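Values below: all heavy atoms of this structure, side chains included; hydrogens, waters and symmetry mates excluded. For clarity, every value in this text was computed on a predicted model and none was experimentally measured.
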Amino acid sequence: MYAQMIKSTGKGVKSLDEMEPEERAFQERINAGGKIEPKDWMPDGYRKTLIRQIGQHAHSEIVGQLPEGNWITRAPTLERKAILLAKVQDEAGHGLYLYCAAETLGVSRDQLTRDLLSGKMKYSSIFNYPTLTWADMGAVGWLVDGAAIMNQVPLQRTSYGPYARAMVRICKEESFHQRQGFDIMMKMANGTEAQRKMAQDALNRFWYPSLMMFGPSDKDSVHSAQSMAWKIKMNTNDELRQKFVDQTAPQAAYLGLTIPDEHLEWNEERGHYDFSEPDWDEFFDVLQGNGPCSVDRMEARNKAWDEGRWVREGLLAHAEKKRARKMAAE
Amino acid sequence: MSSPESGSYDATEAAPHGKPRATEWPLWEVFIRGQHGLSHRHVGSLHAADAESAIKNARDVYTRRNEGVSIWVVEAAAIAASSPEEKGPLYEPSNDKVYRHPTFFNIPDDVGAM
């Protein structure tokens with residue numbers, strides 16, 4: 001997902017009886033569907049895991065602007081350009097909502113940014129793939145945002161109040177993103193032969209990276225078990241991946257495009273599609289920073305941070321000067 | 001409240017608000033009034049160098065879809081908040097005053113709407 005392989009405490013989930021009274025009250029509140037707010041007591045592991053998860057999610061929104069920003073100047077029409085601009089601006093907004101939620105846990109925005117720029121914190125593997133043609137804007141909206149929605153909709157019910165509220169805002173906007181992507185795919189799939197081929201090629205390249213977004217199977221992961229007990233992870237990776245395939249396969253058929261998986265087939269007995277796993281070696285390699293665009297993405301973020309420094313400092317100095325003048329006048 | 005992964009950081013709603021770091025723009029809480037006459041409502045927060053740019057940023061971050069017709073921003077450091085430990089003494093006294101709710105009183109149906 002936008003947050004992949006998030007480490008938790010690494011220990012098994014404690015039973016209520018093993019907990020100190022404070023932690024027990026905390027867990028019982030979560031079990032009853034209550035929300036945890038910034039000033040409430042929380043276990044250190046909950047706080048740390050949430051900072052990692054929300055931070056990685058925020059970084060993904062910000063880095064996720066790059067593959068789409070790549071096509072703003074080359075959008076085929078003025079209307080498509082305006083729509084893509086609005087979409088990329090939304091992604092910046094999503095990043096900001098999430099950074100604010102992470103900040104309520106006691107980490108600073110600058111610290112989170114520094115950890116991204118140094119490579120200490122990660123962002124979703126999906127944004128390390130290139131966007132080679134205009135059809136990729138369609139595939140990204142349809143598949144990548146589609147996969148993100150699978151995870152984000154249940155997270156609106158997550159136990160941490162500020163995170164849940166950020167998710168509510170994000171989900172409201174995300175459906176525009178997926179629809180604009182599908183709209184591009186419809187246009188391309190029903191266009192000239194060259195356009196149809198371009199759409200098929202985009203689907204071929206983005207299908208497996210999209211499946212990887214959910215992360216490897218986590219049915220035996222202690223990290224996942226703890227995060228699910230804390231309700232900061234609402235479904236297993238496999239559940240969400242299956243849901244995504246079930247939803248997307250008929251959409252591809254509608255477009256007249258072929259999902260690049262010869263084993264993709266409806267399984268009447270299970271009531272789900274069977275499908276092939278992505279190449280997990282590739283996933284781990286990309287996560288290690290060896291994706292086709294990993295170096296580019298980090299360079300772009302570092303450049304933006306370094307070159308924006310005079311703006312950050314200048315505006316702060318200006319604000320201080322104005323404040324000093326106002327005080328002097330009073 | 002300090003962060004587990006960095007030094008202590010006090011410009012959040014989680015902490016008693018101190019002076020923000022000089023290198024980082026201060027944190028502002030944003031309140032928006034929608035079109036339908038309801039009060040300003042807290043929608044989130046953002047960083048900005050001063051109030052003027054905080055309002056501009058709030059316009060971009062929180063009203064991209066006609067969510068509001070009025071924006072308030074206030075430095076997070078200026079907000080005083082009740083603490084969770086006071087929850088009992090602050091809110092429990094209202095629990096036994098059920099007569100404050102109109103449903104406490106049984107009015108016969110014959111009386112009509114009231």
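With a 4.5 Å cut-off on non-hydrogen atoms, A/Leu96 touches chain B through its side chain but not through its backbone. If you measure heavy-atom distances from A/Lys322 to chain B, the contacts under 4.5 Å come from the side chain alone.
Distance check, rounded to the nearest 0.5 Å: CZ of A/Arg169 to CZ of B/Arg64 gives 8.0 Å. One finds the CH2 atom of B/Trp25 at 5.0 Å from the CG atom of A/Leu315 (value rounded to the nearest 0.5 Å).
Contact of the A/Glu173 side chain with the B/Arg65 side chain is registered, since non-hydrogen atoms from C-beta on lie closer than 4.5 Å. No side-chain heavy atom of A/Thr104 sits under 4.5 Å from any side-chain heavy atom of B/Ser45.
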- Between B/Glu24 and A/Arg312, does a side chain to side chain contact (heavy atoms under 4.5 Å, CB included) hold up when you go through it step by step? CA-CA 8 Å; B/Glu24 194 164 330; A/Arg312 297 192 299 274; over 6 Å; no

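Other residues, nucleotides and ligands contribute only 12 or fewer heavy atoms inside 6.0 Å of the CH2 atom of B/Trp72. Within 6.0 Å of CD on B/Gln35 lie more than 12 heavy atoms contributed by other residues, nucleotides or ligands. Within a 6.0 Å radius of CZ in A/Arg29, more than 12 heavy atoms belonging to other residues, nucleotides or ligands are found. Shown here is B/His40, whose NE2 atom has more than 12 heavy atoms of other residues, nucleotides or ligands within 6.0 Å. In A/Lys35, the NZ atom is crowded: over 12 heavy atoms of neighbouring residues, nucleotides or ligands sit closer than 6.0 Å.
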Distance-only donor-acceptor hits, side chain of residues 89-112 of chain B, under 3.5 Å, sequence neighbours excluded:
{"unit_1": "B/Tyr91", "atom_1": "OH", "unit_2": "B/Ser82", "atom_2": "OG", "d": "3.4"}
{"unit_1": "B/Ser94", "atom_1": "OG", "unit_2": "B/Tyr91", "atom_2": "O", "d": "3.0"}
{"unit_1": "B/Lys97", "atom_1": "NZ", "unit_2": "B/Pro93", "atom_2": "O", "d": "2.8"}

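Minimum interatomic distance between B/Asp50 and A/Ala319 (heavy atoms only, all atoms of both residues): CB-CB, 3.8 Å.
A/Tyr99 contributes no side-chain N or O that, together with a main-chain N or O of B/Leu46, makes up a donor-acceptor pair within less than 3.5 Å.
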